[in-house]
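Input: a single structure, listed below in structure tokens.
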Amino acid sequence: MSEIDLVDGNLALKEIQKLDGHTDRVWSLAWNPAAGAGGLPPTLASCSGDKTARIWQQGPSGSWNCTAVLEDAHNRTVRSCAWSPCGKLLATGSFDATTAIWQQIGGDFECVATLEGHENEVKGVAWNSSGSFLATCSRDKSVWIWEMQPGNEFDCASVLHGHTQDVKMVQWHPHLDVLVSVSYDNSIRIWIEDGDLNGWSCVQTLGETSSGHSSTVWALSFSSGGDRMVTCSDDLTMKIWDTTNNPSEDGSWDGIIATGAADDSICLFHETKDSLVGGLSYSLILKKDKAHDMDVNSVQWNPNEPKILASASDDGSIKLWRLTQVP
Amino acid sequence: MTLGLINANPVVHAKKERIVRAEDNHAADAVDSLDVFDSVRDIRDPEHPYSLEQLSVLSEESITVDKKLGRIQITFTPTVQHCSMATVIGLCLRVKLLQSFPLHFKVDINVSPGSHADEESVNKQLNDKERVAAALENPSLRQLVDECLCSSEL
């Protein structure tokens with residue numbers, strides 16, 4: 001596949017297909033990381049205000065279909081979903097305060113575990129890189145870390161307190177057991193397991209005074225190498241954070257940041273090397289206006305096919321896009 | 001312990017005269033502030049048997065519509081500074097607008113500046129889509145909202 005020249009422009013996001021099926025807004029998406037190898041076709045999970053999660057797969061002809069509807073486990077909005085690194089388990093977090101774990105058994109997905117403990121709506125779920133930990137976060141201001149045991153048993157390893165408001169999302173570093181959470185309290189918190197104290201603690205808080213956001217932080221995403229992290233906020237900004245041990249190393253990094261927003265558009269950002277200014281800057285390389293009819297809630301790059309992007313919207317649909325170069 | 005109303009003696013105003021609009025001058029998708037006001041003016045206050053208009057919680061002037069951007073902005077004034085029903089009123093406004101106008105309209109709802117002791121906190125909750133969605137899934141809260149809205153139908 002030819003490389004895209006990000007400097008000279010003429011980029012376009014071409015819509016491949018629109019996936020309809022959910023009967024309420026679609027909140028989140030997750031690509032199955034194991035797809036592509038060993039015969040599993042490209043697979044996308046979505047979750048919705050209609051209380052279900054859905055599995056979508058690309059068929060041999062190239063077109064996408066809904067191959068499973070995961071229902072009856074949650075009795076309120078399913079807010080977030082995440083595949084385990086091996087691709088065999090899907091976690092779904094719901095406003096009903098539970099997290100369900102699903103496994104494909106035979107042709108169907110079955111709910112093999114239900115994690116209870118949060119006092120109210122679960123907002124985010126995330127697996128660490130080895131699949132040994134699952135983190136969940138909630139409006140109850142806490143973050144829970146669950147440890148997976150044999151037989152799909154989950155034990156609560158720790159309950160993390162620190163945020164003073166609703167926690168919107170949690171994400172793990174791509175290869176270290178470092179957890180990041182973002183919140184309605186406008187801050188970003190970093191959590192690490194302290195070997196000596198045998199517990200998890202917050203090692204850093206990025207608030208307004210540490211160049212952080214001035215309103216609710218909704219989401220975060222790590223670069224594939226883990227050396228950078230981007231956060232986005234109700235304050236209408238995105239911030240890119242250096243998460244290496246050696247700041248300001250001149251690392252070259254080709255990742256494109258995709259964002260979805262309440263203006264119904266999808267934007268793509270990339271690092272620009274501005275020789276006049278010096279240092280690091282990002283610029284907008286593409287804006288897709290009216291990508292959806294309503295707010296775009298989630299955008300996810302396919303980890304196995306880097307120019308393929310999926311987006312989810314309040315309009316109830318999911319769209320698949322290909323980033324192309326227009327001659 | 002006696003349970004009292006937040007504001008036991010609200011000031012009740014006369015309703016503004018209703019203008020009957022000529023249908024042909026007014027396209028279906030040309031929403032203006034009077035359209036929005038007409039849809040919300042009769043919402044019943046959660047505590048008193050009066051409409052939001054009668055209690056001067058909102059007026060046509062407190063609504064702005066940007067047709068080009070597809071945006072509706074409503075500012076409302078709770079009857080007292082410590083009104084704990086402010087978020088409920090805000091929710092009622094959201095639901096009524098969702099029911100009455102095309103879904104692509106973006107709606108901002110705020111209390112009028114200086115009108116509430118927890119202004120920032122109330123505004124933040126009312127404009128957090130996820131919080132609003134979760135609140136409306138709460139059966140007792142939803143029931144209260146529905147009751148306030150029902151009485152606005154003729």
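Just so we're on the same page: letters track the sequence lines, and every chain starts at 1.
- No side-chain heavy atom of A/D96 sits under 4.5 Å from any side-chain heavy atom of B/E137.
- Here the side chains of A/D314 and B/H104 are not in contact, with every heavy-atom distance at 4.5 Å or above.
- Under the 3.5 Å distance criterion, the side-chain polar atoms of B/K106 are matched with a main-chain donor or acceptor of A/A262.
- No side-chain heavy atom of A/F95 sits under 4.5 Å from any side-chain heavy atom of B/N138.
- Counting heavy atoms from C-beta on, the side chains of B/E130 and A/Y184 never come closer than 4.5 Å.
- The backbone N or O of B/A134 lies less than 3.5 Å from a partner atom in the side chain of A/R76, making a donor-acceptor pair.
- Interface check for chain B: of the options A/R139, A/K123, A/E121, the most heavy-atom pairs under 4.5 Å are formed by A/K123.
- Most heavy-atom pairs under 4.5 Å with chain A, from the set B/N127, B/L103, B/D128: that is B/D128.
- Heavy atoms from other residues, nucleotides or ligands lying under 6.0 Å from CZ of B/F101 number more than 12.
- Between chain B and the residues A/D293, A/D234, A/D263, A/D264, the largest count of heavy-atom pairs under 4.5 Å involves A/D264.
- The neighbour count for A/K51 NZ, taken as heavy atoms of other residues, nucleotides or ligands under 6.0 Å away, does not exceed 12.
- Residue contact with chain A, scored on non-hydrogen atoms closer than 4.5 Å, is absent for B/E120.
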